[in-house]
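What follows is a single structure, written as structure tokens, with notes after it.
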Amino acid sequence: MCGIIGYCGEKSAAPIVLEGLKRLEYRGYDSAGIASLCDGRLLMKKDVGKIDEVNQKHNLGSLLGNTAIGHTRWATHGGVTQDNAHPHCDCKREIFVVHNGIIENHQPLRHRLERKYSFVSETDSEVIPHLIREFMDMGSSLEQAVCQAVKELRGSYAILAISASEPQKIVAARKDSPLVVGIGSGESFVASDVLSFLKHTNRVIFVEDGEIVSLNNDKVTIHDGEGRQIPREPQKVDWKWSGATKQGYEFFMRKEIMEQPWAMRCALMQDRGLIMEAAMDILRTRQVVLTGCGTSRHAALIGRYLFSKVGGKFSDVIMGSEFHHFSDSIHKDTLVIAVSQSGETADILEGVKKAKANGATILSIVNVVGSSLARLSDKVVYLNCGPEIGVAATKSFVSELVIFYLLAFAMINQLREGMRAIKSLSLLTRKNLNHNGAISPELAQGLKGKNDFYYIARGINFATAMEAALKAKEIAYVHAEGMPAGELKHGTLALIEQKTPVIAICPADYTFEETMSNVAEAKARGAFIIGVSDRNEESFDEWLKIPTVEEVFYPLVSIVPLQLLAYDLAVAKGLDPDKPRNLAKSVTVK
Ligand code: AGP
């Protein structure tokens with residue numbers, strides 16, 4: 001996970017890298033550091049803490065020089081300590097490296113290198129500067145040494161390296177971790193994502209696995225592992241820098257929840273031909289398998305119901321981290337629909353690569369343009385919802401749902417009607433946000449002392465229960481379970497005590513009566529019932545009112561009050577919903 005960024009140009013590099021690191025903080029935030037090159041000397045500052053904390057202590061932006069690299073960490077190997085923070089260097093402090101990924105063979109490499117060099121950290125990453133040192137001592141240039149070093153690495157990496165002997169140069173390499181180059185005028189950038197340098201340029205080159213990139217002001221050269229130059233034209237990305245700012249909101253998550261009506265309309269901006277083709281693929285292909293992780297898997301679960309309920313097509317959902325274990329059953333008659341906001345989730349990429357190797361066709365539903373998943377896929381449908389910075393996915397979830405509605409309606413040749421319905425739902429979503437936004441803070445205050453929450457629903461609404469529970473877990477740090485309401489009596493009911501919150505998602509649809517029976521069972525054991533419905537019931541201790549919509553659309557409206565409740569619970573508990581502990585936005589490790 002971790003975020004990396006490098007700058008090479010005429011301006012003072014450290015302030016630009018520092019600003020970029022703040023944009024990358026969603027990828028990890030337990031420690032941070034910057035190294036710069038100034039008059040042939042290498043300077044470095046790093047420490048434990050969020051970027052603002054490290055900056056307050058060390059004034060990272062004050063490092064001199066026109067070339068710099070930076071890192072924000074999400075610890076995998078080695079605890080959260082100053083020594084384990086990046087950048088890491090060789091023994092002579094002449095080569096500095098930042099790394100995102102995991103070096104799987106770091107132990108044997110370390111044992112060998114420790115005979116020559118002394119290590120100061122517990123990280124897997126520290127082998128990289130020592131390996132580069134070894135090759136440079138044998139006469140290699142920085143670029144050649146990086147190329148030789150990565151041949152010895154197993155695992156995943158995006159690496160940036162600078163050397164005192166080659167001023168004004170950054171060498172970068174990647175395998176299975178994202179890396180993108182930005183071309184400005186007289187300056188260049190290289191980072192884990194476009195957002196970190198979007199303020200300066202939107203002309204980008206996506207680096208592919210196995211490529212080695214050399215940046216020297218605005219001169220960027222790309223080579224393959226054998227040293228052959230690869231010509232590549234930059235492409236433009238049309239995300240706006242303002243999309244990555246809070247625009248007056250206290251937290252990104254709040255802003256992103258409030259943006260959902262707009263996000264729904266943006267998700268409608270699709271090439272209709274592409275949606276129709278994808279829908280035909282779903283209908284024609286013998287086996288349709290959906291995959292995703294976390295929130296994106298919950299969207300896929302709702303997609304599965306839509307394909308069945310609207311399009312009459314059975315499909316299955318396999319969670320991203322387990323998907324590759326099913327590769328034996330994935331073949332050329334399989335359509336894999338991979339759902340991912342970031343398009344960089346390692347668990348998804350691994351399964352998709354195996355499926356592709358087995359001959360499956362890949363359709364992806366992705367937000368980040370040019371992401372690894374998008375580039376691996378045969379067809380890509382983009383969410384178009386702009387950058388999502390809050391670690392908890394919100395607007396990307398509703399956008400993913402919109403794409404599933406479009407596909408399902410296209411399957412029955414009613415794409416236009418589906419689009420029209422979602423457009424009017426976006427207006428209702430605004431009202432839904434305003435109504436529940438006003439009552440949720442008080443409800444959260446009353447619930448902030450509770451540690452266990454159970455979310456129940458049936459049919460198409462059950463994945464909404466799972467998604468709402470995930471939101472509460474990750475940002476409010478409570479034990480929350482989402483489950484099909486009918487499952488409650490098969491075990492979990494034993495956990496219901498006096499005043500245990502049970503959140504019942506029970507719109508007035510085909511699931512209502514059966515879910516209400518389960519509500520009664522919980523109520524009889526003393527549960528505190530919060531009903532999410534367009535119909536108020538006596539058994540509800542609290543009512544989160546949602547608008548009445550056509551049955552299939554309830555997931556789109558019932559998630560809204562529950563996103564707000566999770567957010568308000570986090571705020572009531574004094575937590576930072578944008579940066580929950582131990583998590584990161586883009587999970588690029590397995
Ligand atoms: C959602 O709130 C989570 N932070 C997480 O579960 C996320 O949805 C998951 O990691 C998948 O990410 P992706 O959509 O970028 O692949």
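Both counts, for ligands and for their atoms, begin at 1 and track the order of listing. Residue indices begin at 1 and follow the sequence shown.
- Residue-level contacts of ligand 1 at the 4.0 Å heavy-atom threshold are Cys293, Gly294, Thr295, Ser296, Ser340, Gln341, Ser342, Thr345, Val391, Ala392, Ala393, Leu470, Lys471, Glu474, Val587.
- Geometrically, Arg174 does not engage Tyr157 in a cation-pi contact defined by less than 6.0 Å to the ring centre and at most 45° from the axis.
- Minimum interatomic distance between Val368 and Tyr382 (heavy atoms only, all atoms of both residues): O-CE2, 3.8 Å.
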Side chain to side chain contact (heavy atoms under 4.5 Å, CB included) for Ile559 and Leu556? Distances and angles first, verdict last. CA-CA 6 Å; Ile559 191 60; Leu556 265 180; over 6 Å; no

For a side chain to side chain contact (heavy atoms under 4.5 Å, CB included) check, start with the C-alpha distance between Thr500 and Phe453, then their side-chain angles and the critical distance, and finish with the verdict. CA-CA 7 Å; Thr500 303; Phe453 291 71; over 6 Å; no

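- When atom types are taken as modelled, the side chain of Tyr454 and the backbone of Met483 share no donor-acceptor pair closer than 3.5 angstrom.
- For the pair Asp176 (side chain) and Ala346 (backbone), a donor-acceptor distance under 3.5 Å is absent.
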